[in-house]
Each structure stands twice: as C-alpha cells, then as structure tokens.
Amino acid sequence: MNAIRPEKIEATETETVDNNLAAVTEVEAGIRDFVRNDIAYLRRPATPTTDAPPLDPSAEATVTNVNSLIQRVAGTSLAEIENLISELESLRDLLHAEGQRVQREISGYAQLSQAAMKSTRMIADNVAQWKRAADGLRNS
C-alpha cells in the first residue's frame with residue numbers, strides 16, 4: 001500500500017501553483033517588453049513645426065495588429081468578468097432569499113417552542129392541582 005503524507009501533496013500543489021504563476025508573470029513581462037520596444041517610437045510626440053516623416057505602412061500595420069490583439073484579449077476577459085459578476089449577483093440573490101427563508105423557519109420554530117412550553121406549564125399546573133386534590137382526599 002502506498003501512502004503519501006498530505007503535507008507533501010500540499011507542498012507539491014503549492015510549488016505547481018508558484019511555477020505556473022511565475023511562468024504567467026514571465027510571459028506578461030515579455031509581452032510588455034515587446035510592445036514597448038516595438039512601438040516606443042510611435043509614442044514620441046511629434047513637433048508641429050518639424051515635418052515628421054509619415055509612419056511606415058508595416059509599422060502602422062503592426063500597431064493595428066497589436067491594438068486588435070489587445071481588444072480581443074480584453075474583450076474575452078471583460079466577457080468572462082461580466083459573466084462572473086452576473087453569476088455572483090444571482091448567487092447573492094439566492095443566498096438572500098435562503099437567508100430570509102431560514103429566518104422565517106426559525107421564527108416559526110420559536111413560536112412552536114413557546115406554544116409547547118405554555119402547554120407543558122398548563123399540564124404541569126393541572127397535574128399539580130390534581131395531586132393536591134388527591135392528597136387532600138386521602139388525608140381526610
């Protein structure tokens with residue numbers, strides 16, 4: 001039988017998550033560097049007094065491609081975020097409704113418990129009266 005300690009499993013899972021996070025961070029840094037280096041010259045402000053040469057068509061196409069890529073990635077991310085928000089809102093509504101239902105049931109149980117206690121007191125009082133009456137008849 002092969003037994004693995006839970007501590008080792010958790011450590012392995014943590015290392016895997018850390019490695020994945022490091023890889024994602026590295027890819028994001030690479031993309032940022034690529035975009036900065038590729039279109040850095042496009043950010044330079046053009047002086048209105050000097051005649052700046054028009055952008056190279058390939059540079060303009062690159063900028064357009066990068067913009068469309070960013071819009072697609074952002075669009076997908078935004079759609080996912082909006083779906084998550086709507087799911088969380090529906091879950092919040094469900095939890096709110098369930099909370100109200102539980103409060104109603106607890107209130108009903110409290111009323112039932114009070115009624116049971118009153119009935120028990122009445123029965124106990126009646127039994128005590130009958131016992132006193134029976135004791136009185138025996139003594140006489």
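Just so it is clear, the structure is predicted and the values come from calculations on it, not from any experiment.
- Applying the under-4.5 Å side-chain rule to Ile, Leu, Val, Met, Phe, Trp and Tyr, the cluster around V102 extends to I106.
- The line from OG1 of T25 to CD of E28 is 6.0 Å long, rounded to the nearest 0.5 Å.
- Evaluation of the salt bridge (Lys or Arg N to Asp or Glu O under 4.0 Å) test over residues 116-127, restricted to residues two or more places apart or in two chains, returns none.
- Residue-environment remark: CD (E26) stays at or below the threshold of 12 foreign heavy atoms within 6.0 Å.
- Following chains of ILVMFWY side-chain contacts shorter than 4.5 Å, one can reach V66 starting from I31, so the two form part of one hydrophobic cluster.
- Taking Ile, Leu, Val, Met, Phe, Trp and Tyr as hydrophobic and joining them when side-chain heavy atoms fall under 4.5 Å apart, one finds L94 in a cluster with L91, L95.
- With rounding to the nearest 0.5 Å, the separation of CD1 in I70 from CG in N67 is 6.0 Å.
- The CG atom of D135 sits 6.5 Å away from the CG atom of N139 when rounded to the nearest 0.5 Å.
- Distance alone, capped at 3.5 Å, places no donor-acceptor pair between the S113 side chain and the Y109 backbone.
- To the nearest 0.5 angstrom, E98 atom CD is 10.0 Å from Q100 atom CD.
- The pair R92-E89 fails the salt-bridge criterion, with no side-chain N (NZ, NE, NH1 or NH2) lying under 4.0 Å from an Asp/Glu carboxylate O.
- Crowding of R101 atom CZ: a count of heavy atoms from other residues, nucleotides or ligands under 6.0 Å exceeding 12.
- Contact of the S107 side chain with the Q103 side chain is not registered, since no non-hydrogen atoms from C-beta on lie closer than 4.5 Å.
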